[in-house]
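What follows is a short report on a single structure.
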Number of protein chains: 2
Amino acid sequence: MKFIFLIIISLTFIGCLNKNNSASVGKMHHKPKAPENNKITTEKIELGKMLFFDPRLSIDGTISCNSCHNVMNGGSDNRAVSVGVLGQKGGRGAPTVFNAAFLSTQFWDGRAKDLEEQAKGPLTNPIEMGMPDHNTVMARVSSVPGYISAFKKVFPNDPNPVNIDNLAKAIATYERTLITTNSPFDQFMAGNKSALTELQKKGWDNFKTVGCNSCHGGNHFAGPDLPLGQGFFQKFPAFPNDAIETKYNFQSDTGLMSQTKNETDKNMWRVPTLRNIADTAPYFHNGKVNNLSEAVKIMAKLQLNVDLTSEQQESLVAFLQSLSGSIPQQTMPTLPPTKNTSIVKVN
Amino acid sequence: MKFIFLIIISLTFIGCLNKNNSASVGKMHHKPKAPENNKITTEKIELGKMLFFDPRLSIDGTISCNSCHNVMNGGSDNRAVSVGVLGQKGGRGAPTVFNAAFLSTQFWDGRAKDLEEQAKGPLTNPIEMGMPDHNTVMARVSSVPGYISAFKKVFPNDPNPVNIDNLAKAIATYERTLITTNSPFDQFMAGNKSALTELQKKGWDNFKTVGCNSCHGGNHFAGPDLPLGQGFFQKFPAFPNDAIETKYNFQSDTGLMSQTKNETDKNMWRVPTLRNIADTAPYFHNGKVNNLSEAVKIMAKLQLNVDLTSEQQESLVAFLQSLSGSIPQQTMPTLPPTKNTSIVKVN
């Protein structure tokens, strides 16, 4: 009974959003907003980039933010679930860091309201970077002279700048530069009608007529721009299917409910962005589907109760490929050394 | 008896080299030579860089060359021994990739004659990148359209360019760009007498009078420039010490003998470069010594039978810090994607 009720809510919500989303789809704003208390500066970006790439922030010196959110490789790791310290596997796939700055909530289950809050999580997750607590993280950062001077420079008004909040602010600031631009679809929306192939244009039409944009609307095909922390969630699957469930085991992870413990949040998930989706296989929260074509078919069936024709399926995949934008060209950071000694100390 | 004989050989060798090495010490040539059959081109460097950074070349998609030879972090990983796929630990520390192009042999035990040969090793090492064989590596590379086109462009005269030898050539070519320059010591040798502190100058004198340059001579403080593949090996320890051995367990790894199976090669090791040594802690083949000062003391005792005064020790550490050069500024590669699918396929 509860279950049917949830589907109805879900479908009603889809209906409500349908019109709003269509209007704003694909209008990419290139610079994400930063919080009032975390202005973007060049020096903060550079510090954040060093921290993002520093495996010494993990307990055994092997895992950096970039290990799973690899900005050289689509902002993710092409794995079903990521691998953290000591070869441990996580329970969910790493969402791409590209354009994460535009999302109104972070993590698959939306448990962080913004990038600053998100950045603190993996550091102390025992199967990700495995540090016992944030004090230990900051003790390690404080033992690197180059970090002390960089934090002082970036946060000049802070009497004790080397702290976890500033670390998270710097990483979040760097992540606000990780924006992809000028995808074929963006070019198409800007007026270049030849930027999409005929198949892609057909896919774009199907995307709207089949109803994909009900949830994957908005500038980032991740739903409407909601206030930070509110997040745009949907139940997945909306139309459970035994055969698909047997094969892919989507429902065993309860999603938002794993955070809230509310039965109404069971299998509710943040609607992920579709930008660069062709480059971030495998798919879904558990990464069980390795192929975009299969993922599209499953989504239509489980969320819209639609059996796609093979023509629809093919055109939708072609359309989704048009959402891959240009990856920003970056210089590599040089991590500040600890002279004469290692801070990892693992034998 | 055999043992004493080896020491005598070792010491005789040290004596012979002493004069030759002093003359050429510190004259850094900035461009390493490339083999006749592997000319350096810009496009080859770029392909090599992509491959060097691509974790998809490991069995589970987690380990790239850069994971252990991190060019953002001194060309190594600051760990005692490195971690490969499935959380497995190697038996030896990762030597820095910076200036490896100048060395006359590769790996701690010199089992590869050049960078090309070296690059092939970790790919199929079960505890490093874990690929079953080179064919599997190349099958994966061949499934990435961007790699196929890049190999064709870089090796235009090769009818089947996507092969393991070309992969190794490209990686080696990239590594020939990983040269550090303009260290305080280089500046000093170029005539800038204030480039070293007084303590560092004293250390440089001690380096020669104590005899460190007997082995750590040459442009890279790694011995003379020998023909490729010949390598410059020394016995370590030359003067075994029970107390040190009990603490650090250096002799259990037989070094060169593990390759040749010759008893005369027992505990023989390639003499490592001292360039950037202050940035590549921890020290020795098993990474058991975390501190450069302790490493210096141990080396004097085990190789020269000298008990350093604390003043000598301090000045030598200061001198070694002057060997850290400028890390080349690099752009990040963008790894060519596989559209719609992951080639890692790990659940």
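Here is the naming used below: chain letters follow the sequence lines, and residue numbers restart at 1 for every chain.
Contact of A:N70 with chain B is made through the side chain alone, with heavy-atom distances under 4.5 Å. Only the side chain of A:P55 comes within contact range of chain B, with heavy atoms under 4.5 Å apart. With a threshold of 4.5 angstrom between heavy atoms, A:Q330 approaches chain B through its backbone and through its side chain. For A:S67, no part lies near chain B; criterion is any non-hydrogen pair under 4.5 Å. In this structure, the portion of A:L86 lying under 4.5 Å from any heavy atom of chain B is its backbone and not its side chain. Heavy atoms closer than 4.5 Å to chain B are found nowhere in A:V85, neither backbone nor side chain.
Considering every non-hydrogen atom in both B:S342 and A:N78, the closest pair reads OG-O, 2.6 Å. Of all heavy-atom pairs spanning B:M332 and A:T331, the tightest one is CE-O, 3.4 Å. Across every non-hydrogen atom of B:K339 and A:S324, the tightest pair is NZ-OG, 3.5 Å. Here the closest heavy-atom approach between residue A:A281 and residue B:T341 is recorded as CB-C, 3.3 Å.
Around NZ of A:K202, the count of heavy atoms belonging to other residues, nucleotides or ligands within 6.0 Å does not exceed 12. Within a 6.0 Å sphere centred on CD of A:E245, other residues, nucleotides and ligands contribute more than 12 heavy atoms.
Separation of atoms CG (A:D60) and CZ (B:R79) is listed at 5.0 Å; rounding is to 0.5 Å. The CG atom of B:D54 sits 6.5 Å away from the CG atom of A:N73 when rounded to the nearest 0.5 Å.
Note on A:P337, A:A278, A:G87: by heavy-atom pairs under 4.5 Å with chain B, the leading option is A:A278. Considering only heavy-atom pairs separated by less than 4.5 Å from chain A, the leading option among B:L292, B:N290, B:I343, B:L335 is B:N290.
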